[in-house]
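Notes follow the structure.
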Protein chains: 4
Amino acid sequence: MITKRRPSLKPRKVPQQSRAEHTVAAIREAAAGILETRGMEGLNTNLVAKRAGVSVGTLYQYFPNKDALIVALSLRQQAAFYAEAEGALDQPTGQTALKYLITVSVHQQLRRPALARALDFEEGRPAIAKELGTSKAAFQALTHRILARDDIPPQDNIEIATDDALAIVRAVVDAAGERGEVDRGALERRVGRALFGYLGISALDPAKSRARRKPSL
Amino acid sequence: MITKRRPSLKPRKVPQQSRAEHTVAAIREAAAGILETRGMEGLNTNLVAKRAGVSVGTLYQYFPNKDALIVALSLRQQAAFYAEAEGALDQPTGQTALKYLITVSVHQQLRRPALARALDFEEGRPAIAKELGTSKAAFQALTHRILARDDIPPQDNIEIATDDALAIVRAVVDAAGERGEVDRGALERRVGRALFGYLGISALDPAKSRARRKPSL
Amino acid sequence: MITKRRPSLKPRKVPQQSRAEHTVAAIREAAAGILETRGMEGLNTNLVAKRAGVSVGTLYQYFPNKDALIVALSLRQQAAFYAEAEGALDQPTGQTALKYLITVSVHQQLRRPALARALDFEEGRPAIAKELGTSKAAFQALTHRILARDDIPPQDNIEIATDDALAIVRAVVDAAGERGEVDRGALERRVGRALFGYLGISALDPAKSRARRKPSL
Amino acid sequence: MITKRRPSLKPRKVPQQSRAEHTVAAIREAAAGILETRGMEGLNTNLVAKRAGVSVGTLYQYFPNKDALIVALSLRQQAAFYAEAEGALDQPTGQTALKYLITVSVHQQLRRPALARALDFEEGRPAIAKELGTSKAAFQALTHRILARDDIPPQDNIEIATDDALAIVRAVVDAAGERGEVDRGALERRVGRALFGYLGISALDPAKSRARRKPSL
DNA sequence: AATGAATGAGCTTTCATTCAT
DNA sequence: AATGAATGAAAGCTCATTCAT
């Protein structure tokens, strides 16, 4: 069905009372739970409202349409992700920063793997992606800054490398989530190998790669 | 509603007349086209039928339900993929076999990138995955055999490695497809770096990795 | 198609506002009217909704599916029937109780004969019968208690006799309904003759049958 | 759905070759089998054709539409019934004739109870009833002649009595069929009691009722 | 005569969204 | 602000029937 006028996906109103805050949280959590257990095809606004213990009308008071719900969920997840990931910038080297990023990714994606995967897919839909633009840009900028560090081999096209890096991390972690893996350490090492390999950092001796590659520094 | 036996997702009848053969092809192509341009949410059986120039009834004559359409599309793509990929087994070494596999992946995924990505996602849905089991198993077996070659470092868990390898290839190629990349060579090199890195094959000197790693043999 | 949980045939939600109450009544009456005039083959949910002056969606808000409509109609009719029929237990003898039952049957079945006949048939469908189990059981229990009175000749198998008695009453009354009969008195007498004959009560002198049959008591 | 022009329900062509004869029989038997096991809602022309081992086109060659199939089934059953029932006319008295009729009814209805019941209902549909008019009339005439015998008490309205008699027999036998009864003797006795009671023949001493009622003869 | 591919009106059901209360 | 009854477009699917081969 073609939606006639597609209204903004931003929350309709900002909850100003704690009751409203609680309501919004309940709706969000209900949606997350459904997405997690039944996937996108099992998610419908009436069900979300019921699970949240509010009426549909109330849901539409805070979310102008269904997509806005997805956007809210994504935004919340990405915000949490970004908040943690920012710590990578404090790392001394690019490589430790990348490892930091991997740890954060694994941690976030494995907290609620099914939810994370469902959102990952929805974020690909143009209607959703559009709303997530700035959030994604922030993330890319962060990765970009890390990849630009001088212990990371220069990439042909750093934008592409950024995209690829995120895609690789996501792919391996999602596969792990699907399998129900819980051993984060092993997962982080696997992700690390793929990512460092991609970036051209020798897996054998990552700590010395800068020295080896740029001996004169 | 009365619970109906869930019909198999296999084609309902095998077309026996050439007219029917043509009809089935038209339906399949219409479905592929829609999936490509509008994604799963834009795919509906009435539209597929119309685009194929047949009536809905005809569509249901060959595909017992909507999912069966997806399955047929996936199966067809996987068959084409597998047919090409099998050539990897004729390669002299594991590493050349992997490269062969990457080339095939890139080639296949980049022919109709949007379609490939849409199918990749749908294949994750349990209802679809179930039907694709054997096809997927064949693919895993193939990859497994390559990873078991002795110029590929032994993996902790070869099943997981197989899964991860396929996920990594897919992730990078899908990202490229989303971006609209066309330079296959560059893409293959990037995929290769990630994959070889993951498997612990030095990107600097892949040809000698066996010798270096197992000097006493 | 994906197998869906077969939803219960019970009403989906109990109307809590008087508007809803009215809506449900309108739907039920529309369904009854259609069933009456066009039979089951003419009954479809879109038509019911239109005739009720509501949208299909509203119909499905109160009845999870088409069969639930039939069940609701049956239940309502049976409840009315049972409420009246219970009075039979207050009758002094088994025979007067039976006559009372016949009167009630004739009265109920002849109010809307076409509807009654249509429902009688639908109640035979397993899907419907299942939901009507307890209602039917109540009715059987009532008849059972009457047949067990001591002015009714003992039956070989009282369960069968109960079933048969109900079937006979229904058959004769339905036939009358089909013919468009309106003379209740004559109809009651005919039903009485069949039923009393079946039970082995002499039609010539029913009042004295107990004395005649069990003289030593 | 309203059928546009309702064509005659008579068989389109009379099979003139034995192969065609066989085909028609196969179709009829397939339809009967489906009606028996799945009821009217499970009966569809495509399925009938498949089960009969012919194409739908062939089915439509012999039966102009679905209803014609039902009519053919009914006609065949009624013909068999009537052929046997005619023997009743050779009975010496009305009462023995009635008993004969009951025996035949029980025999016929219990051969394929589910089929018989399904057809009984379908025969009530106006579209079908219309085609069965003469067959039904023959049956009524037969019953009429029996009821007019002078050892049967005169009925107020012999047409109604005829209808009622058939309805009563059918009701009790159908109930038995639904229950899965197989003891014909007991069933015949129960039917007899209801029918004789209805007609005002004393169950206590049926053999002498003529003498008692019409002593001067 | 037979086949079976094709048709398409029509049916059931869902669910995002609105709006009177 | 909240409710929840109501809406109705739209989707999936069936099946009686036709007709080219």
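Just so it is clear, the values below take in all heavy atoms, side chains as well, and ignore hydrogens, waters and symmetry mates. Convention: sequence-line order gives letters A, B, ...; per-chain numbering from 1.
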Would you mind telling me which of [options] lies closest to the side-chain atoms of [X]?
X: D/Asn44; options: E/dA2, F/dC13, F/dC15; answer: F/dC15
X: C/Thr45; options: F/dA16, E/dT12, F/dA11; answer: E/dT12
X: D/Tyr60; options: F/dA2, F/dT17, F/dC15; answer: F/dT17
X: C/Thr23; options: F/dG12, F/dA6, F/dA1; answer: F/dA6
X: A/Lys66; options: E/dT3, E/dT17, E/dT12; answer: E/dT17

Taking the side chain as every heavy atom from C-beta outward, state whether [X] and [Y] have any atom pair closer than 4.5 Å.
X: D/Leu75; Y: D/Glu131; result: no
X: A/Glu123; Y: A/Ile70; result: no
X: B/Leu47; Y: B/Leu43; result: no
X: C/Leu69; Y: C/Leu59; result: yes

Measure the distance from [atom1] on [X] to [atom2] on [N] and round it to the nearest whole Å.
X: C/Tyr62; N: E/dT14; atom1: OH; atom2: P; answer: 16 Å
X: D/Arg38; N: F/dC15; atom1: CZ; atom2: C1'; answer: 14 Å
X: D/Ile34; N: F/dA16; atom1: CD1; atom2: P; answer: 10 Å
X: B/Glu21; N: E/dG4; atom1: CD; atom2: C1'; answer: 15 Å
X: B/Asp67; N: F/dA11; atom1: CG; atom2: C1'; answer: 13 Å
X: A/Lys50; N: E/dA16; atom1: NZ; atom2: P; answer: 13 Å

Quiz item: C/Ser55 side chain N/O closer than 4.0 Å to the phosphate oxygens (OP1, OP2) of F/dT7?
Solution: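 The answer is yes; a side-chain N or O of C/Ser55 sits under 4.0 Å from OP1 or OP2.
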Please determine if a side-chain N or O atom of A/Thr58 lies less than 4.0 Å away from the OP1 or OP2 oxygen of F/dT3.
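The answer is yes; a side-chain N or O of A/Thr58 sits under 4.0 Å from OP1 or OP2.
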Practice problem: Rounded to the nearest 0.5 Å, what's the gap from CD on B/Glu122 to CG on B/Leu73? Could you check? | Solution: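 Reported value, rounded in 0.5 Å steps: 10.5 Å.
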Any pair counted as salt bridge (Lys or Arg N to Asp or Glu O under 4.0 Å), so long as it reaches residues 23-35 of chain A, sequence neighbours left out =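 Listed once each, the pairs are A/Glu29-A/Arg112.
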Polar side-chain atom of B/Thr37 near backbone of B/Gly33 as donor-acceptor pair, under 3.5 Å =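 Yes, the answer is positive, given that a donor and an acceptor are paired below the 3.5 Å cut-off.
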Name the nucleic acid region contacted by [X], choosing base, sugar-phosphate or nothing; use a 4.0 angstrom heavy-atom cut-off, strictly under.
X: A/Asn46; value: base
X: C/Val56; value: base
X: D/Leu43; value: sugar-phosphate
X: B/Leu59; value: nothing

Between the side-chain atoms of A/Gln61 and the base atoms of F/dA1, is any donor-acceptor pair under 3.5 Å?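 No, the side chain and the base share no sub-3.5 Å donor-acceptor pair.
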**Request:** Let me know, please, whether A/Gly53 or C/Gly53 comes out on the 5' side of the other along DNA chain F by nearest nucleotide.
**Result:**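 Nearest-nucleotide comparison on DNA chain F picks A/Gly53.
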Locate the shortest heavy-atom distance separating B/Phe63 from B/Ala68; write the atom from each residue and the value.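 Closest heavy-atom pair between B/Phe63 and B/Ala68: CD2-O, 3.9 Å.
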For DNA chain F, the expected dot-bracket line (Watson-Crick or G-U under 3.5 Å, [ ] crossing, | inter-strand) is .||||||||||||||||||||
